Amino acid sequence: QVQLVESGGGLVQAGASLRLSCVASGRTFGSYHMGWFRQAPGKEREFVAAISQTGGTIYYADSVKGRFTISRENAKNTLYLQMNSLKAEDTAVYYCAANVGLVFYTTSGGMDYWGKGTLVTVSS
């Protein structure tokens, strides 16, 4: 069982930055592929970014490419999402997710464990 706890959300103005963190339980964080997803009010959950076990492979949704950066510190069991140049359309609950299998997924259906989410609100 993997527990994921997100933090770092909040209310910011458009153009501002935020850094989200996700701390994972367990001793094998370095063996998990990790991802960030988000769900805006009235919309389906969507992929934001994903990072492989060692950080060597990274994917971003087109909507955040160039503005968001995903990273991880395996020694601290922590996943990050640096979000710059935030827009009103980035407003959503952001979820951290772990894939403990061998295949590196970027879809929500491929993730095995989820955090409870942290709310990011960007005012225009």
Side-chain angles (χ1 to χ4, degrees):
Q1 188 76 9
V2 178
Q3 292 185 329
L4 304 171
V5 180
E6 303 96 336
S7 63
L11 172 63
V12 296
Q13 291 188 333
S17 298
L18 277 177
R19 188 175 80 155
L20 305 183
S21 299
C22 170
V23 178
S25 64
R27 300 179 181 180
T28 56
F29 177 75
S31 68
Y32 309 151
H33 301 298
M34 299 295 297
W36 287 99
F37 294 77
R38 67 186 182 185
Q39 187 167 18
K43 294 187 177 181
E44 294 187 353
R45 190 173 298 185
E46 65 174 3
F47 168 75
V48 175
I51 186 169
S52 63
Q53 296 147 325
T54 60
T57 301
I58 289 174
Y59 295 107
Y60 294 101
D62 288 342
S63 58
V64 307
K65 203 171 293 182
R67 299 188 299 121
F68 290 11
T69 302
I70 189 172
S71 62
R72 64 190 298 164
E73 282 191 77
N74 288 345
K76 294 185 177 181
N77 280 17
T78 304
L79 175 74
Y80 303 101
L81 185 68
Q82 177 66 43
M83 305 186 295
N84 298 329
S85 302
L86 282 162
K87 305 175 181 179
E89 50 263 44
D90 295 318
T91 295
V93 177
Y94 283 72
Y95 297 92
C96 167
N99 167 21
V100 302
L102 297 177
V103 178
F104 184 20
Y105 289 101
T106 59
T107 57
S108 57
M111 310 309 285
D112 300 299
Y113 297 98
W114 294 85
K116 294 183 178 180
T118 185
L119 177 62
V120 173
T121 304
V122 184
S123 65
S124 56

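None of these values were measured; they are calculated from a predicted model.
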Atom OG1 in Thr91, atom CG in Leu119: separation rounded to 0.5 Å? 8.0 Å
I need the Thr107 OG1 to Arg45 CZ distance, nearest 0.5 Å. 12.5 Å
Give a yes or no on whether Tyr95 and Val122 share a hydrophobic cluster (residues Ile, Leu, Val, Met, Phe, Trp, Tyr; joining criterion: side-chain heavy atoms under 4.5 Å apart). no
Pairing residues for Ala61 by the side chain to side chain contact (heavy atoms under 4.5 Å, CB included) criterion, not counting sequence neighbours: Phe47, Ser63, Val64
Minimum heavy-atom distance Gly117-Glu6, with the two atoms named: N-OE1, 2.9 Å
Could you check Met83 against Leu20 for side-chain contact (heavy atoms from CB on, under 4.5 Å), going step by step and ending with a plain yes or no? CA-CA 8 Å; Met83 305 186 295; Leu20 305 183; 3.7 Å; yes
One should read off an interatomic distance between His33 NE2 and Met111 CE, to the nearest 0.5 angstrom, of 9.0 Å
Do other residues, nucleotides or ligands put more than 12 heavy atoms under 6.0 Å from the OH atom of Tyr59? no
Roughly how far, to the nearest 0.5 Å, is OG of Ser124 from CG of Leu86? 12.5 Å
So how far is it from Cys22 SG to Phe29 CZ, rounded to the nearest 0.5 Å? 6.5 Å
Single-linkage hydrophobic cluster Met34~Ile58, side-chain heavy atoms < 4.5 angstrom: yes
Only one of Val23, Leu4, Thr118 clears side-chain contact (heavy atoms from CB on, under 4.5 Å) with Cys96; which? Leu4
Listed once per pair and sorted, the side-chain hydrogen bond (donor to acceptor under 3.5 Å, both in side chains) pairs that draw on residues 65-85, sequence neighbours left out: Ser17-Asn84, Asp62-Lys65, Arg67-Asp90, Arg72-Asn74, Glu73-Tyr80, Gln82-Asn84
Please collect all ring pair (Phe, Tyr, Trp, His ring centres under 6.0 Å) contacts where either partner lies in residues 105-124, sequence neighbours excluded, each pair once. Phe37-Trp114
In the single-linkage hydrophobic clustering (I, L, V, M, F, W, Y; side-chain heavy atoms under 4.5 Å), do Phe68 and Val93 co-cluster? no
Using the rule given for side-chain contact (heavy atoms from CB on, under 4.5 Å), can you reason through Arg38 versus Val120, listing the C-alpha separation, both sets of side-chain angles and the distance that settles it, and then say yes or no? CA-CA 9 Å; Arg38 67 186 182 185; Val120 173; over 6 Å; no
Side-chain heavy atoms of Ile51 within contact of Leu79, under 4.5 Å: yes
Euclidean distance, Glu46 CD relative to Gln39 CD, rounded to 0.5 Å: 9.5 Å
